[in-house]
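Working notes, structure below.
First the proteins, then the strands, lettered A, B, ... as listed; each starts at 1.
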Amino acid sequence: MRQTHLFTKTRREAPKDEVSKNAQLLIRAGFVHKEMAGVYSYLQLGKRVLEKIEAIVRDEMDKIGGQEIRMATLHPSEPWKQTGAWDNVDVVFKIQSRTEKEYTVGQSEEEIVTPIAKEYISSYKDLPLVVYQIGQKYRDELRAKSGIMRGREFTMKDMYSFHDTQEDFDRFYALAKDAYLRVYDRIGLVAKATEASGGSFTKKLSYEFMVLTDAGEDDILYCDTCSYCVNVEVAESKENETCTRCNSGTLSRAKASEVGNIFDLGQKYTKDFDLTYQDANGEKKYPIMGCFGIGITRLMGVAVEKFADDKGLVWPESIAPFRVHLVELSSDNEEVKKEAAELYRELTEAGIEVLWDDRDARAGEKFADSDLFGIPLRIVVSEKTLAAGKFECVERASGHTSHKSISELIGHLTT
RNA sequence: CGGGGUGUCGUAUAUCGGUAGUACGCUUGCUUUGGGAGCAAGAUGGCCCAGUUCGAUUCUGGGCACCCCGACCA
């Protein structure tokens, strides 16, 4: 994409009322636009990042047997009243129509998915069933904060599973946990599977996936030796104590951001909606349900918080809006322009996503913007590189600079 | 929801009870061109509603919005 065609511009300063690093940088770089407290629009660059994250999540969920669907976001109030959430969950938005009919907007979708599943599940042969969606969620938070990391509207992947036995649930739960860890790993984040409370409808523990960052809202204890990690809200141990799992490591306390969670919902919802199946003996039973969430927009925020530096955003390659930022310093030099156009064409034909800074602007401004965008590889085309016969390549994250010919570049980027 | 703070061109800021200024951005022209250029000419602003006052962006009250701390958070 040509940068002269790119919708949005960078700005030198962040709005003074944005304090969080993610909001400041994403707004300065033109990735997002704030609509109101806790609600952001995602512009071209931001949307590209979200789509990259979604693609990774989709891939991993499909691999463990998830089927993607898209549920309504405007919900009737009845199922929410049926489960008690209408009166007991205070983050549920309540909307009234002009005829005084009541609705809500989805903040989680058990109330929608369970009645849907009820229409199609009648036999143990229909189980297990795993469906998921990626979509907008709405929560009536009293206080939105931390930029895109805790909003009233956000994007979440929510997956729901239905099982005939606890064993089958446990089997899938373990699969899902591994899939989750792969998602974070592919984004370059280290997430700890953290024991936490199961929420208001179950006494069982759940796993929250926590990325260590001071921008997070949760406090966790983690072992420096094994993988044990626990949310302090349910922890029975304390900081500096010996880990109770491996009996050798020491527990440390840290701030973390929750980027996913997986719950055993038991039969809460299948009973609420009287969803039953017949087992092999013809007996009616309630399936066991699981709920598995990943915060897509929050993951984007956490990636900003973890990787950005004093010059701007830094995206891991797997979720970067573009792979290459092609910066031409043409100074009205037609040869340079031609060379940049040719390189753009070749890279694009090789399947590499390129943002081409074809603006008539000075080098300083172009480099500053390039740093701010955080695209992994910058390739400079100028009179200098033309004379040298090789392009200047700078890795955004490391600052490592090299000089490559077109064929070397394409070889490097396509292997 | 409790407490605190802030509302001035698109953004960041200054000043002032009496013509609202600066920087960046934007428009036009010329020059410049490897780390946010220079000159010249432009366009764009007082959150809303009351009150006080000859006169309010400024003072007072109310509202709204946003931010921070806390509480809350399937």
Side-chain angles (χ1 to χ4, degrees), chain A residues 8-20 23-24 27-28 30 33-39 80 83-86 88-92 104 106-111 113 137-147 149-152 154 156 158 160 196-208 216-218 231 233 257-258 260-266 268-269 272 289-293 295 298 311-312 327-333 336-337 357 359-372 378 380-388 391-392 394 399 401:
Chain A
T8 73
K9 285 175 191 164
T10 60
R11 59 176 61 165
R12 222 181 266 243
E13 284 165 299
K16 66 170 183 295
D17 57 4
E18 289 287 2
V19 172
S20 70
Q24 287 193 345
I27 289 171
R28 280 189 53 211
H33 177 262
K34 183 184 205 155
E35 299 301 338
M36 56 178 157
V39 180
W80 290 84
T83 60
W86 184 266
N88 298 325
V89 179
D90 48 17
V91 297
V92 173
T104 184
Q107 51 93 33
S108 184
E109 309 243 349
E110 287 84 351
E111 278 77 2
V113 76
K137 295 287 175 290
Y138 303 86
R139 294 192 183 175
D140 189 4
E141 298 276 2
L142 287 177
R143 184 184 162 205
K145 57 187 278 196
S146 308
M149 292 176 65
R150 175 152 150 172
R152 299 195 167 95
F154 55 96
M156 187 167 92
D158 45 326
Y160 306 90
S197 100
S200 47
F201 288 114
T202 172
K203 290 189 184 103
K204 293 178 183 170
L205 287 180
S206 70
Y207 276 111
E208 291 175 342
E217 300 180 47
D218 291 279
N231 194 311
E233 69 188 10
S257 180
E258 180 189 344
N261 56 33
I262 57 183
F263 289 99
D264 179 348
L265 295 174
K268 153 74 185 161
Y269 291 94
D272 279 347
M289 259 180 90
C291 164
F292 310 77
R298 183 178 281 180
K311 289 181 182 169
V327 176
E328 68 167 49
L329 304 178
S330 61
S331 20
D332 292 328
N333 182 320
V336 171
K337 286 187 177 173
D357 188 351
R359 296 176 302 166
D360 179 21
R362 296 167 65 86
E365 185 180 351
K366 290 193 165 199
F367 288 146
D369 281 348
S370 181
D371 289 337
L372 183 58
R378 177 200 301 166
V380 181
V381 183
S382 67
E383 290 180 352
K384 245 198 251 183
T385 68
L386 214 57
F391 302 106
E392 177 183 297
V394 186
T401 304

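Looking at which nucleotide of RNA chain B each of A:Ala14 and A:Val381 is closest to, the 5′-most match is held by A:Ala14. Between A:Arg150 and A:Thr10, the one whose closest nucleotide on RNA chain B sits nearer the 5' end is A:Thr10.
Pair assignment for B:rA12 gives B:rU22, based on Watson-Crick or G-U wobble hydrogen-bonding distances that are each under 3.5 Å. Of the nucleotides present, none pairs with B:rC72 by Watson-Crick or G-U wobble criteria with both distances under 3.5 Å. A 3.5 Å limit on both hydrogen-bonding distances identifies no Watson-Crick or G-U partner for B:rU52. For B:rC64, the paired base is B:rG7 (Watson-Crick or G-U wobble, both distances below 3.5 Å). Across all strands shown, the partner of B:rG29 is B:rC39, judged by Watson-Crick or G-U wobble contacts whose two distances both fall under 3.5 Å.
With hydrogens and angles ignored, no donor-acceptor pair under 3.5 angstrom links the side chain of A:Arg139 to the base of B:rC72. Residue side chain A:Glu383 does not reach the base of B:rG34 through any donor-acceptor N/O pair under 3.5 Å, judged by distance alone.
Within the 4.5 Å cutoff, no side-chain heavy atoms of A:Met149 are placed close to those of A:Phe154. Considering only heavy atoms from C-beta on, A:Val113 comes within 4.5 Å of A:Met289 through its side chain. In this structure the side chain of A:Glu109 reaches within 4.5 angstrom of the side chain of A:Lys137, judged on heavy atoms.
Once rounded to the nearest 0.5 Å, the distance linking CG of A:Leu329 with NZ of A:Lys337 reads 12.0 Å. Annotation: the span from A:Arg152 atom CZ to A:Asp140 atom CG amounts to 7.0 Å, rounded to 0.5 Å.
A:Glu111 and A:Thr83 share a side-chain donor-acceptor pair at under 3.5 Å.
Ion pair A:Asp371/A:Arg378 flagged as a salt bridge, since at least one NZ, NE, NH1 or NH2 atom sits closer than 4.0 Å to an Asp/Glu carboxylate oxygen. Ion pairing of A:Glu110 with A:Lys268 is absent here, as no side-chain N (NZ or NE/NH1/NH2) approaches a carboxylate O to less than 4.0 Å.
Among B:rA74, B:rG34, B:rG36, the nucleotide with an atom closest to any side-chain atom of A:Phe263 is B:rA74. Here the side chain of A:Ser382 is nearest to one of B:rG34, B:rG35, B:rA12, namely B:rG34. Among the nucleotides B:rU11, B:rG34, B:rA71, the one closest to any side-chain atom of A:Leu142 is B:rA71.
Across all strands, A:Asn261 comes closer than 4.0 Å to no nucleic acid atom at all (heavy-atom distances). If you check every strand for non-hydrogen atoms under 4.0 Å, A:Glu110 touches a base. Looking at heavy-atom distances under 4.0 Å, A:Arg378 makes contact with a base.
Contact annotation: A:Arg362 reaches the phosphate of B:rA37 (side-chain N/O to OP1 or OP2, under 4.0 Å).
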Between protein and nucleotides 64-68 of chain B, what N or O pairs are separated by less than 3.5 Å?
| from | atom 1 | to | atom 2 | distance (Å) |
| --- | --- | --- | --- | --- |
| B:rC66 | OP1 | A:Ala37 | N | 3.0 |
| B:rC66 | O3' | A:Lys34 | NZ | 3.4 |
| B:rC66 | O2' | A:Asp17 | OD2 | 2.7 |
| B:rC67 | OP1 | A:Lys34 | NZ | 2.7 |

Could you pull out the protein-nucleic contacts involving nucleotides 25-27 of chain B (nitrogen or oxygen on both sides, under 3.5 Å)?
none

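Regarding A:Phe154, its CZ atom lies at a distance of 15 Å from the P atom of B:rC73, rounded to whole Å.
The separation of B:rC59 from B:rG46, taken at their C1' atoms, amounts to 15 Å, rounded to a whole angstrom.
With sequence neighbours excluded, no residue forms a salt bridge (charged side-chain N to carboxylate O under 4.0 Å, His left out) with A:Arg298.
Among A:Lys34, A:Gln24, A:Arg28, the single residue meeting the side-chain hydrogen bond (donor to acceptor under 3.5 Å, both in side chains) criterion with A:Glu18 is A:Lys34.
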